[in-house]
Amino acid sequence: MLKTLTVENFALIENVTVEFGEGLNILTGETGAGKSILIDALGAALGNRVGVNRIRKGADNLRVFAEFSDGLTLERTVSRSAKNSITANGEQLTLARLKKICADLVDVHGQNKNLELLREEKIYSLIEDAAITETAEEFKRLHRTLTAQRRALQEKLRTRADSLQRLDFLRWQEKEIASARLKPDEDEELAAEIRKLSHAEKIAEHVMESAQILNDGDFDVLSALSRVIKNLDGVARYDNKLDGARALLEEAEINLREAYEEIRDYGGSFEFSPERLEELHARADVIYKLKQKYGATVNEILQRLTTIRAEIAAAENFDSDVEELKRAVAEAERQTSICAEKLLQLRQASAQTLSAAIEAEIRRLGMTRARFQIVVERTEKFTSRGGDTADIKFSANAGEEMLSLSQVASGGELSRIALAVKTVADSSAATMVFDEIDAGLGGVTARTVAEAVAKISRGRQVLCITHLPQIASMADVHLQITKAEVDGRTVTKVRRLEGEERVKEIARMASGNESPASIKNAREMLSAKNFPR
């Protein structure tokens, strides 16, 4: 519930703080006093668009501050440079976030808001209940699946010619790679062997020299080492202090001899073949050409071969894939159609029940021969909403054809229809605002509309701008909006009326003066306000 609204430098309003109460809050005043400006300021706090032209002349910015009964506070300022500052409980937020917070906070209805009844989306929201919502969500899921399946089938069919052409190309690639009979890491092994054979002469020279140094003649390392060990054997007969050194030399002799044998064997097995080297270069050239097309290494080329074979398999299975997709589309269409039909029947049943209730309320509001019907009809094509379309058919007078509400309803009729809808189809918002919903009404109808507005205020807060004394007399809180000239400037003021002030205001609204007769009439209206809500 809205507790207070503070407005600064907004059009004619210089600085006003309005305290609202529970139930029906009525705003009255002369035309042009600023009643709608106050509602516009509230709309600004709720996230409606505000232009810099709304900033009061001479001020740098406008400010609106709204406080709600649950502790929520909203503040918005707009500067001459069109810069917005928005906070909720002191925390900065974006305009989009503000609109989301306020979506179900306050329900505002004015002349423009009534036009929402003509939108199909609004019609669907009126007839929606828990079962419809659940079925509609299920339909959306099925429709998304159907759309995806259809898109996949269309894409598959679109690529038929390309797929056949690519299949020939893939087969050629597969043959080119497969014919090379590559082995994993073959390029690395090949490079190592080419490197070895390309330097065969140097390798042989180094191997031979190394073998000779180790064991060839009287002055090779192994022979010299044997003589040293023999000399130490002679020392050991007289002194054992060099036994450790002798043991190390024996171990070194064993290691050197093993190294010599490995070098000797390598030299004995090493063969240089110009033909083999040429063969290796030819193989390397084949691999190099494949690398230019398919990957930087043999392993990458082999991975590419695996991918190509998978693509070939997919292309060869094109027709079977198409048939599978067609079956999937058909099944998705079947399930979606079943759900669409269920959704249609639920909506039609809800629309029929709601139409009867709204029609009865419209007739109670003075259009005694009016007919009102929410029509939900099947369509040939599905949308994300379902397989149907919704419209409101209306006739204000007996004998007239029911046509779309957008074609036949006048502004005044639309206001009463909107009021009937709000009376029957409850809003979830804790606060509702009606801006001159009584336009063009009078007499008995005015009293009926007044009772309808009061009924809506049962258990919630309603803010209502009105020129009708019948509605004003129903107020739980009566706020008078006036304008005055202060220091050569027009300012709007708001004050809460009590007691005799209310009587005089209702008398003024009823007859334009405060005569004894109008005062008596006003007292009678106030005394008759307490009908069962």
Side-chain angles (χ1 to χ4, degrees), residues 147-214 258-329:
T147 301
Q149 296 284 12
R150 284 174 171 171
R151 188 181 297 116
L153 177 58
Q154 290 170 359
E155 180 64 20
K156 191 73 173 177
L157 293 173
R158 186 188 65 79
T159 61
R160 180 185 292 274
D162 292 341
S163 180
L164 293 175
Q165 183 177 358
R166 179 161 175 75
L167 179 58
D168 291 338
F169 179 60
L170 290 171
R171 284 171 174 164
W172 182 86
Q173 287 185 317
E174 193 269 344
K175 182 179 179 181
E176 183 179 33
I177 298 174
S179 63
R181 300 183 182 279
L182 298 174
K183 298 177 182 179
D185 301 318
E186 183 181 353
D187 50 346
E188 296 179 6
E189 296 173 2
L190 192 64
E193 190 172 358
I194 289 174
R195 186 167 56 251
K196 183 177 75 171
L197 293 181
S198 297
H199 299 86
E201 187 175 346
K202 281 287 185 183
I203 293 172
E205 180 182 336
H206 291 320
V207 169
M208 184 179 297
E209 184 178 347
S210 297
Q212 288 176 347
I213 291 172
L214 286 172
E258 287 180 358
Y260 164 72
E261 290 173 356
E262 188 173 335
I263 293 171
R264 181 194 63 196
D265 292 343
Y266 177 84
S269 63
F270 183 78
E271 295 180 1
F272 171 69
S273 170
E275 293 79 9
R276 175 59 178 167
L277 183 58
E278 184 178 349
E279 178 186 324
L280 292 174
H281 278 299
R283 181 63 173 170
D285 185 55
V286 169
I287 293 175
Y288 174 77
K289 290 178 180 178
L290 291 175
K291 285 181 177 180
Q292 295 295 103
K293 298 178 181 179
Y294 304 109
T297 66
V298 165
N299 289 346
E300 288 184 15
I301 296 171
L302 291 172
Q303 181 60 45
R304 176 59 182 153
L305 178 61
T306 300
T307 303
I308 289 172
R309 285 172 172 165
E311 291 184 31
I312 289 172
E316 289 176 339
N317 293 328
F318 184 90
D319 290 338
S320 61
D321 289 346
V322 167
E323 290 304 313
E324 180 63 28
L325 283 171
K326 285 181 177 179
R327 286 192 292 272
V329 168

> Listed by chain and number, what are the side-chain contact (heavy atoms from CB on, under 4.5 Å) partners of Glu279, not counting sequence neighbours?
Replying inline: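 Result, side-chain contact (heavy atoms from CB on, under 4.5 Å) vs Glu279: Arg276.
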Side chains of [X] and [Y]: does their closest heavy-atom pair fall under 4.5 Å?
X      : Y      : answer
Asp185 : Val298 : no
Lys175 : Trp172 : no
Leu197 : Ser273 : no
Met208 : Gln212 : yes
Ile203 : Tyr266 : yes

>> Is it the case that atom NE2 in His199 sees more than 12 heavy atoms from other parts of the structure closer than 6.0 Å?
In response: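 Not more than 12 within 6.0 Å, no.
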> Take atom CD in Gln292; do more than 12 heavy atoms of anything else shown fall under 6.0 Å from it?
Replying inline: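 Enclosed: over 12 neighbouring heavy atoms sit under 6.0 Å from CD of Gln292.
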Check [Y] with [X], please: is the shortest side-chain N to carboxylate O separation under 4.0 Å?
X      : Y      : result
Glu174 : Arg171 : no
Glu278 : Arg283 : no
Lys293 : Glu176 : yes
Glu300 : Lys291 : no

Rounded distance [0.5 Å steps], [atom1] in [X] versus [atom2] in [Y]:
X      : Y      : atom1 : atom2 : answer
Arg264 : Leu214 : CZ    : CG    : 11.5 Å
Ser210 : Glu262 : OG    : CD    : 12.0 Å
Glu186 : Thr297 : CD    : OG1   : 12.0 Å
Tyr294 : Leu305 : OH    : CG    : 9.5 Å
His206 : Glu201 : NE2   : CD    : 10.5 Å
Arg327 : Leu153 : CZ    : CG    : 11.5 Å

Where [X] and [Y] come nearest, the two heavy atoms and their spacing:
X      : Y      : value
Leu290 : Ala180 : CD1-CB, 3.6 Å
Ile194 : Leu277 : O-CD1, 4.1 Å
Ile308 : Leu170 : CG2-O, 3.5 Å

>> Let's go through Glu311 and Arg304 carefully: what are the C-alpha distance in whole Å and the side-chain angles of both, what is the deciding distance for salt bridge (charged side-chain N to carboxylate O under 4.0 Å, His left out) to 0.1 Å, and is it a yes or a no?
In response: CA-CA 10 Å; Glu311 291 184 31; Arg304 176 59 182 153; 3.6 Å; yes
